[in-house]
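Side chains are part of it too, since the values below use all heavy atoms of this structure and drop only hydrogens, waters and symmetry mates. Here is how names work: the chains are called A, B, and so on, in the same order as the sequence lines, proteins then strands, and each is numbered from 1.
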2 protein chains.
Amino acid sequence: MGIAKTEIFTEAQNEIALFAKAFGHPARVAILQHLFKINTCVCGDLVSEIGLAQPTISQHLKELKQLGLIKGNVEGTSVCYCINPDVWSKMKQIMTEFLDQDLCDNGSCC
Amino acid sequence: MGIAKTEIFTEAQNEIALFAKAFGHPARVAILQHLFKINTCVCGDLVSEIGLAQPTISQHLKELKQLGLIKGNVEGTSVCYCINPDVWSKMKQIMTEFLDQDLCDNGSCC
DNA sequence: TTGTTATATTGCAATATTACGATTAAAGAA
DNA sequence: TTCTTTAATCGTAATATTGCAATATAACAA
């Protein structure tokens, strides 16, 4: 198929998967890390910073923007991107809750 | 292409992406959550718990196992799966470090 | 042995993702 | 206006992912 059966899962499960998918490509990881480092936004030097073609970077930025993790600001002919702190912290909470699950640790077979 | 250019990214970036990809599908999220809940491992009732066909669940389990996030234990005709706490906490540390990045917050354009 | 049960593997169809060349669009400079 | 720069979009090729029916495998029961 290639298409996930999202109907059979909870909203929460689908949301975790959606955010996780955003980090599921090293280019998007690199973009986000760079945006955190160069906090005063950043324009298209992401293209030279990361070694991918301009349309490719643009596509990755679009995905991150659609999720709300980053914002884009037009400045003349260039566009400034930056982390959207509100969505980032909401996402962080959701992911952390998932990662922090505890094994009740009362013996097991493995 | 469909193939990520992993060579141009750091090991750390690729590792984050690999783990994130594991959570990038709601079925795998559901499997992991269930394994945490039913801590005393779990066999193939994952198939009935989650609403996907047996081969599909088996395939998702294989991916999680390859990453080391879960372990499988053969018990007669059935197989018991459970979280691998060591790999899980290593992964948690890596992901948390990524999620905990801070904006240096000295003004920006967005 | 034969049957049964539980899981893995194979093969394949449908769809998604990644990447980039070519092109377009929009802003500013000359 | 025309040229340049920057970024988005289009189109497309290569590959990956998801899902399942069919089949194989392995352990046990009868």
Side-chain angles (χ1 to χ4, degrees), chain A residues 1-9 13-14 17-31 34-35 41-67 70-82 109-110, chain B residues 1-9 13-14 17-31 34-35 41-67 70-82 109-110:
Chain A
M1 297 249 133
I3 185 170
K5 283 191 150 182
T6 51
E7 334 85 58
I8 66 175
F9 301 102
Q13 287 164 340
N14 284 316
L18 268 185
F19 279 127
K21 218 195 278 190
F23 308 139
H25 192 290
R28 291 190 291 268
V29 170
I31 288 172
H34 198 251
L35 288 182
C41 286
V42 138
C43 336
D45 42 25
L46 279 164
V47 173
S48 38
E49 179 69 22
I50 302 171
L52 292 171
Q54 179 264 320
T56 307
I57 295 292
S58 204
Q59 196 173 295
H60 285 304
L61 286 169
K62 192 181 174 184
E63 284 176 59
L64 293 172
K65 202 168 148 192
Q66 270 169 345
L67 259 181
I70 64 174
K71 293 189 277 189
N73 224 33
V74 180
E75 303 218 334
T77 58
S78 52
V79 178
C80 254
Y81 283 100
C82 60
C109 59
C110 293
Chain B
M1 296 248 134
I3 185 171
K5 284 190 151 182
T6 51
E7 335 86 59
I8 66 174
F9 301 103
Q13 286 164 341
N14 284 315
L18 267 185
F19 279 127
K21 218 196 277 190
F23 308 139
H25 192 290
R28 291 190 292 268
V29 170
I31 288 172
H34 198 251
L35 288 182
C41 284
V42 139
C43 335
D45 43 24
L46 280 164
V47 173
S48 39
E49 178 70 21
I50 302 171
L52 292 171
Q54 179 266 319
T56 309
I57 296 291
S58 202
Q59 194 173 297
H60 284 304
L61 287 169
K62 192 179 174 186
E63 284 175 60
L64 293 172
K65 202 169 148 193
Q66 271 170 347
L67 258 180
I70 64 175
K71 293 189 278 188
N73 225 33
V74 179
E75 303 216 334
T77 58
S78 53
V79 178
C80 252
Y81 283 100
C82 61
C109 60
C110 291

Check: Quick one: is A/Lys62 getting a side-chain N or O under 4.0 Å of the D/dA7 phosphate, OP1 or OP2?
Finding: no
Phosphate-side-chain proximity, A/Ser58 and D/dA8, N/O vs OP1/OP2 below 4.0 Å
yes
Notebook entry, point to check: Is there a side-chain polar atom (N or O) of A/Lys5 under 4.0 Å from OP1 or OP2 of D/dC20?
Noted result: yes
Assign each of B/Thr6 and A/Ala4 the nucleotide of DNA chain C bearing its closest heavy atom; nearer the 5' end lies the nucleotide of A/Ala4
Rounded to whole Å, the CG-C1' distance (A/Leu61 to C/dC20) equals 15 Å
Rounded to whole Å, CG of B/Asp45 lies from C1' of C/dT7 at a distance of 13 Å
Residues of residues 49-57 of chain A with a heavy atom under 4.0 Å from any atom of DNA chain D, listed by number, are A/Gln54, A/Pro55
Separation of C/dA8 atom C1' from B/Leu64 atom CG, nearest Å, is 16 Å
Taking D/dT5, C/dA8, C/dT5 as options, the one with an atom nearest any side-chain atom of A/Thr77 is D/dT5
Do the side-chain N or O atoms of A/His60 get closer than 4.0 angstrom to the phosphate oxygens (OP1, OP2) of C/dA19? yes
Between NZ of A/Lys65 and P of D/dA8 the distance, given in whole Å, is 7 Å
Rounded to whole Å, the CD-C1' distance (B/Gln59 to D/dA21) equals 13 Å
For B/Tyr81 and B/Leu61 the tightest heavy-atom approach is CE1-CD1, 3.5 Å
Residue pairs meeting side-chain hydrogen bond (donor to acceptor under 3.5 Å, both in side chains), one or both in residues 51-61 of chain B, sequence neighbours left out, come to B/Arg28-B/His60
- prompt: For B/Tyr81 and C/dA6, is the shortest distance between a side-chain N/O and OP1 or OP2 below 4.0 Å?
  reply: no
Taken to the nearest whole Å, CZ/B/Arg28 to P/D/dA16 is 15 Å
The answer to which of B/His25 and B/Ile3 contacts DNA chain D further toward the 5' end, by nearest nucleotide, is B/Ile3
Between CD of A/Glu63 and P of C/dA19 the distance, given in whole Å, is 10 Å
Compare side-chain N and O positions of B/Lys21 against OP1 and OP2 of C/dT17 and report whether any pair is under 4.0 Å apart. no
When rounded to whole Å, the CD to P distance for the pair B/Glu75 and D/dA27 reads 13 Å
